Amino acid sequence: MDMKQKIILICGPTGIGKTHFAIHLAQAFDGEIIGADSMQIYKYMDIGTAKPDADECRMAPHHLIDFVKPDQAFDAGRYIRHADAAIAALVSRAKLPLIAGGTGFYLKALLHGLFRERTADRLVLDRLERERESKGAKALHDRLIQMDPEAAKRIHPNDAFRVIRALEVLEVTGKPISSHQQSHGFSEERYDTLKFGLHMERSLLYKRIDLRVDLMISQGFVDEVKGLLERGYSCELKSMQSIGYRHMCDYLKGNLPWDEAIRLMKRDTRRYAKRQFTWFRSQKEMIWLEPSETKKAEQLVSEFLSTSIS
RNA sequence: GCCCAGGUAGCUCAGUCGGUAGAGCAGGGGACUGAAAAUCCCCGUGUCAGCAGUUCGAUUCUGUUCCUGGGCA
C-alpha cells in the first residue's frame, strides 16, 4: 500500500508568530520550511510581507519564498506544483517538510487539490470583466442563473469575481463550475497532515499588528515601495495591491496623507487577520495552540511521526 | 467660588415638540475550488452620567449631585 507523505502544517493569522514557531519545530525535527503565503513569494517585497530575514533563514531553510517577480502571474495551481516539488525534494533528503503560512486557499489547495488541471483563461476572464464594466455585475449573475443555477445560488450577485470565474469555467470546459465542484469536493487527502493553528487573544494580536506596521516603517518600508516603482512595477499590479503596498502607493501618489495611510494599513491588516481566523476556524482537525506552546507542539509532532498509517 | 456649554454604542456625534434611540468610524460573524494580503455577504440593547420630582409614561421637562471643557474671579 502507498503511504501518504507526512507533513506538518502551521497556519494562523498574520503577525501571530508562525515563522518563529515553524523554525522551532524545524530545528527540533531536522525539518525545513515551505512557505504558504501568496505575497512572500514575490521578490523585492520583503519588509511589507514580513518575510523571514537572513538570520531566520539560516536557522531553518525556507522554500517557496522570494522566487516570483511582482509582475508575474501566480495562483493556487502553480503553488501546488511548486509545493509538491519542494516537499518531494525535502523527503528525498530525509528532511521533515513544515508548511507554514497564512494563505488559507493555498493550503486547502495543497492538501486537497483543485478541480481541474488547467489555469484560468485570462482572455476569457478579461472579456467578462469588460462586460461587467459595461453591463454591470447583475447582468452577468442573471446569465449565470440561466446557465448554472446551482452556482448562481451560492454566489452573491455582487461577487463579480466569482460570477466571472463561474462563467469562464462554463465557457472553457463546457461544464458548469458547480458540477466540477461537486465531483471534486475537496475529498482527496493528498498528504498525511498534522495541522497546527496558532491563535491568541484578539486584542493582543491587534496590538502586535499595530506595532509591526510601525516597525516596517522604521525599517524603510516606504523606500522599498519606491524601489519597486523605480524598477517599473506599477501600483496596478496584483502584488502591489496587497496590504501595505497599496497604502504606500496611495501615499506616494498623493491620494492619502501619511497618517491616514498608516491608519488604514493597520486597520486593513487587522481585518485581514480576522478573515484568516474565519478561514482557519472552519478547517477540520486543527490543533489550536498559542504561539508559545512549542513544547506541546513538539510532543504532538513526535507522536504524529511515530505512528504509521494502517 | 461664580457663569456658560456639554455628559447618548468602544470613539466622534445626531436625535427624540415626553411614547425607552441612530449615523460615521472602530469592531464582530460568515462565505471562499487556479487573481485569495483578493473578492463578497450579514450584524447596532446602549443603566441616553447619578438621584429625586412632574407625568399614565422621562433619555427628552424641572430640581439637585457628580464629571469634563471653556470663560470670569
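Numbers restart at 1 for each chain; the letters A, B, ... are given by sequence-line order, proteins then strands. Everything numeric in this text was worked out from a predicted model, so none of it was measured.
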(message) Among B:A36, B:U33, B:G30, which nucleotide has an atom closest to any side-chain atom of A:Thr278?
(response) B:G30
(message) Taking only the C1' atom of each, what is the distance from B:G27 to B:C11 in whole angstrom?
(response) 11 Å
(request) Indicate yes or no: does A:Glu133 engage A:Arg130 in a salt bridge with an N to O separation below 4.0 Å. (result) no
(request) Could you identify which residues of residues 209-223 of chain A place a heavy atom less than 4.0 Å from some atom of RNA chain B, listed by residue number, or say none? (result) none
(request) Please measure how far the C1' atom in B:U12 lies from the corresponding atom in B:A26, and state the result in whole Å. (result) 11 Å
(message) Please pick, from B:C41, B:G28, B:A31, the nucleotide with the shortest atom-to-atom distance to any side-chain atom of A:His156.
(response) B:C41
(request) Just say parallel, tilted or perpendicular for the rings of A:His82 and A:Phe74, cut-offs at 30° and 60°. (result) tilted
(message) Does A:Arg162 contact B:A36 through a side-chain donor or acceptor facing the base, at a distance under 3.5 Å?
(response) yes
Acceptor/donor pairs from residues 8-33 of chain A side chains to any protein atom, 3.5 angstrom cut, sequence neighbours excluded:
from, atom 1, to, atom 2, distance (Å)
A:Thr14, OG1, A:Arg212, NH2, 2.7
A:Lys18, NZ, A:Gly12, O, 3.1
A:Lys18, NZ, A:Pro13, O, 3.0
A:His24, NE2, A:Glu298, OE2, 2.6
A:Gln27, NE2, A:Met59, O, 3.4
A:Asp30, OD1, A:Lys95, NZ, 2.9
A:Glu32, OE1, A:His63, NE2, 2.6
A:Glu32, OE1, A:Arg93, NH2, 3.4
A:Glu32, OE2, A:Arg93, NH2, 2.5

(message) For B:U33 and A:Arg154 - does any side-chain N or O of the residue sit under 4.0 Å from the phosphate oxygens OP1/OP2?
(response) no
(message) Using the side-chain heavy atoms of A:Lys274, tell me which of these nucleotides is nearest: B:A35, B:C40, B:G28.
(response) B:G28
(request) Would you mind telling me which of B:A26, B:C32, B:A35 lies closest to the side-chain atoms of A:Arg270? (result) B:A26
(message) Can you check the distance between B:A9 and B:U59, where both ends of the measurement are the P atom (answer in whole Å)?
(response) 15 Å
(message) I'd like to know whether CE of A:Met200 has more than 12 heavy-atom contacts from other residues, nucleotides or ligands below 6.0 angstrom.
(response) yes
(request) Could you tell me whether the phosphate oxygens of B:C41, OP1 or OP2, come under 4.0 Å of any side-chain nitrogen or oxygen in A:Asn158? (result) yes
(request) Please determine if A:Lys43 forms a cation-pi arrangement with A:Phe67, meaning its NZ or CZ atom is less than 6.0 Å from the six-membered ring centre and no more than 45° off the ring axis. (result) no
(message) The side chain of A:Asp159 is closest to which nucleotide in this list: B:A26, B:C40, B:U33?
(response) B:C40
(request) Run the salt-bridge test on A:Arg246 and A:Asp268 with the 4.0 Å N-O cut-off and return the result as yes or no. (result) yes
(request) Name every residue in residues 237-261 of chain A that has at least one heavy atom under 4.0 Å from any atom of RNA chain B, in order of residue number, or write none if there are no such residues. (result) A:Lys238, A:Ser242, A:Ile243, A:Arg246
(request) Using the ring of A:Tyr42 (Phe, Tyr or Trp, six-membered ring only), decide whether A:Lys69 places NZ or CZ under 6.0 Å from its centre and within 45 degrees of its axis. (result) no
(message) Closest approach to the side chain of A:Arg267, judged atom by atom: which nucleotide of B:A26, B:A31, B:G28 is it?
(response) B:A26
(request) Indicate, yes or no, whether a donor-acceptor pair under 3.5 Å links the base of B:U33 to the side chain of A:His180. (result) no
(request) Inspect the contact between A:Glu171 and A:Arg127 and indicate whether a charged nitrogen and a carboxylate oxygen are less than 4.0 angstrom apart. (result) yes
(message) With a cut-off of less than 4.0 Å, is there a side-chain N or O of A:Arg281 near OP1 or OP2 of B:G29?
(response) yes
(request) Please state whether the phosphate of B:A26, meaning OP1 or OP2, lies under 4.0 angstrom from any side-chain nitrogen or oxygen of A:Arg271. (result) yes
(message) Closest approach to the side chain of A:Gln181, judged atom by atom: which nucleotide of B:A36, B:U39, B:U33 is it?
(response) B:U33
(message) Could you tell me how far B:A14 sits from B:U39 if I compare only their P atoms? Round to whole Å.
(response) 35 Å
